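Right, one structure below, let's go through it.
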Amino acid sequence: MSRTASARAQRFNIGDRVRIDSRPSAGHCRSPSYLRGQEGTVTAIHGRFRNPEQLAYMKPGLPEVTLYKVRLQQTHIWQEYAGFSGDEIEVDIYEHWLLPAGHA
């Protein structure tokens, strides 16, 4: 698939507010549990890649999924965070773990 076609297939764009899905998971998972349910902003789109959650079980990892960089406020993640109030964390999250912000 060309990069142009890949870009059109993505669900979110840079600047979009997203929430990391809080659904439970068993086995290999590429979404850290401490980030689930947190909201952040898409800061980059890395492209489409084979799904590593399927690859871990010797499956082909297809169809490919879009990988995003998401920025979150550390004070929202760790309630007792003692650093600067503006400190942020950036994480790479696959599209199937993201929802529009405010989505329940």
Side-chain angles (χ1 to χ4, degrees):
M1 181 180 285
S2 73
R3 284 286 176 194
T4 305
S6 293
R8 273 184 264 143
Q10 71 201 28
R11 182 174 177 197
F12 301 104
N13 295 300
I14 294 173
D16 285 355
R17 294 282 301 161
V18 294
R19 184 174 64 82
I20 300 171
D21 198 346
S22 59
R23 72 180 182 270
S25 65
H28 183 76
C29 174
R30 299 293 296 179
S31 179
S33 60
Y34 70 93
L35 294 177
R36 294 183 197 168
Q38 300 294 327
E39 291 191 2
T41 303
V42 174
T43 61
I45 301 165
H46 296 302
R48 294 180 63 79
F49 300 90
R50 293 190 301 157
N51 185 338
E53 294 173 0
Q54 294 176 0
L55 291 172
Y57 295 101
M58 307 302 280
K59 295 181 180 178
L62 298 172
E64 292 182 334
V65 290
T66 303
L67 179 62
Y68 299 87
K69 183 178 294 273
V70 178
R71 180 179 295 148
L72 305 100
Q73 294 293 316
Q74 291 197 55
T75 55
H76 295 169
I77 299 168
W78 297 286
Q79 301 303 316
E80 296 179 19
Y81 180 71
F84 294 108
S85 62
D87 284 353
E88 301 167 322
I89 183 173
E90 288 190 333
V91 295
D92 294 335
I93 302 287
Y94 281 91
E95 184 170 83
H96 59 277
W97 277 99
L98 295 176
L99 301 166
H103 189 272

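Computed from a prediction, not measured in an experiment: that's the story for all the values here.
- Between the side chain of Y68 and the backbone N or O of F12 there is at least one donor-acceptor pair closer than 3.5 Å.
- V42 and I93 fall within a single hydrophobic cluster, where Ile, Leu, Val, Met, Phe, Trp and Tyr are joined by side-chain heavy atoms under 4.5 Å apart, directly or via other members.
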Exercise. Can you list the steps and then say if H76 with Y81 is a side chain to side chain contact (heavy atoms under 4.5 Å, CB included)?
Worked result: CA-CA 9 Å; H76 295 169; Y81 180 71; over 6 Å; no
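- Going from atom CG of L72 over to atom CD1 of I77 covers 4.5 Å, rounded to the nearest 0.5 Å.
- Within the structure, salt bridge (charged side-chain N to carboxylate O under 4.0 Å, His left out) contacts touching residues 21-31 (residues at least two apart or in different chains) are D21-R23.
- S31 OG to H96 NE2: the interatomic distance, rounded to the nearest 0.5 Å, is 8.0 Å.
- Annotation: the span from Q73 atom CD to E88 atom CD amounts to 4.5 Å, rounded to 0.5 Å.
- The side-chain heavy atoms of P24 and R36, taken from C-beta on, include no pair separated by under 4.5 Å.
- Linking Ile, Leu, Val, Met, Phe, Trp and Tyr residues whenever their side-chain heavy atoms come within less than 4.5 Å places W97 and L35 in a single cluster.
- The CD atom of E95 lies 11.0 Å from the CG atom of N51; values are rounded to the nearest 0.5 Å.
- The shortest non-hydrogen separation linking P100 to R11 is CD-NH2, 3.4 Å.
- The closest donor-acceptor contact from the side chain of E39 to the backbone of G102 lies under 3.5 Å.
- Across all non-hydrogen atoms, the minimal contact from G37 to S22 is N-CB, 3.9 Å.
- By the side-chain contact (heavy atoms from CB on, under 4.5 Å) test, T43 pairs with K69, R71, E90, sequence neighbours left out.
- Not a single donor-acceptor pair under 3.5 Å links the side chain of Q10 to the backbone N or O of T66.
- By the criterion of side-chain heavy atoms lying less than 4.5 angstrom apart, applied directly or through intervening Ile, Leu, Val, Met, Phe, Trp or Tyr residues, Y34 is grouped together with L98 in one hydrophobic cluster.
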For this session: Quick one: do D92 and H46 satisfy side chain to side chain contact (heavy atoms under 4.5 Å, CB included)? Show the steps, please.
Result: CA-CA 9 Å; D92 294 335; H46 296 302; 2.9 Å; yes
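- Under a hydrophobic-cluster definition in which Ile, Leu, Val, Met, Phe, Trp and Tyr are linked whenever side-chain heavy atoms come within less than 4.5 Å, directly or via other members, I20 and V18 are assigned to the same cluster.
- L67 and L55 fall into different hydrophobic clusters, where Ile, Leu, Val, Met, Phe, Trp and Tyr side chains are chained together by heavy-atom contacts under 4.5 Å.
- If you take CD on Q74 and CD1 on I89, they are separated by 5.5 Å, rounding to the nearest 0.5 Å.
- Looking at every heavy atom in both residues, L62 comes nearest to Q54 through N-OE1, 3.4 Å.
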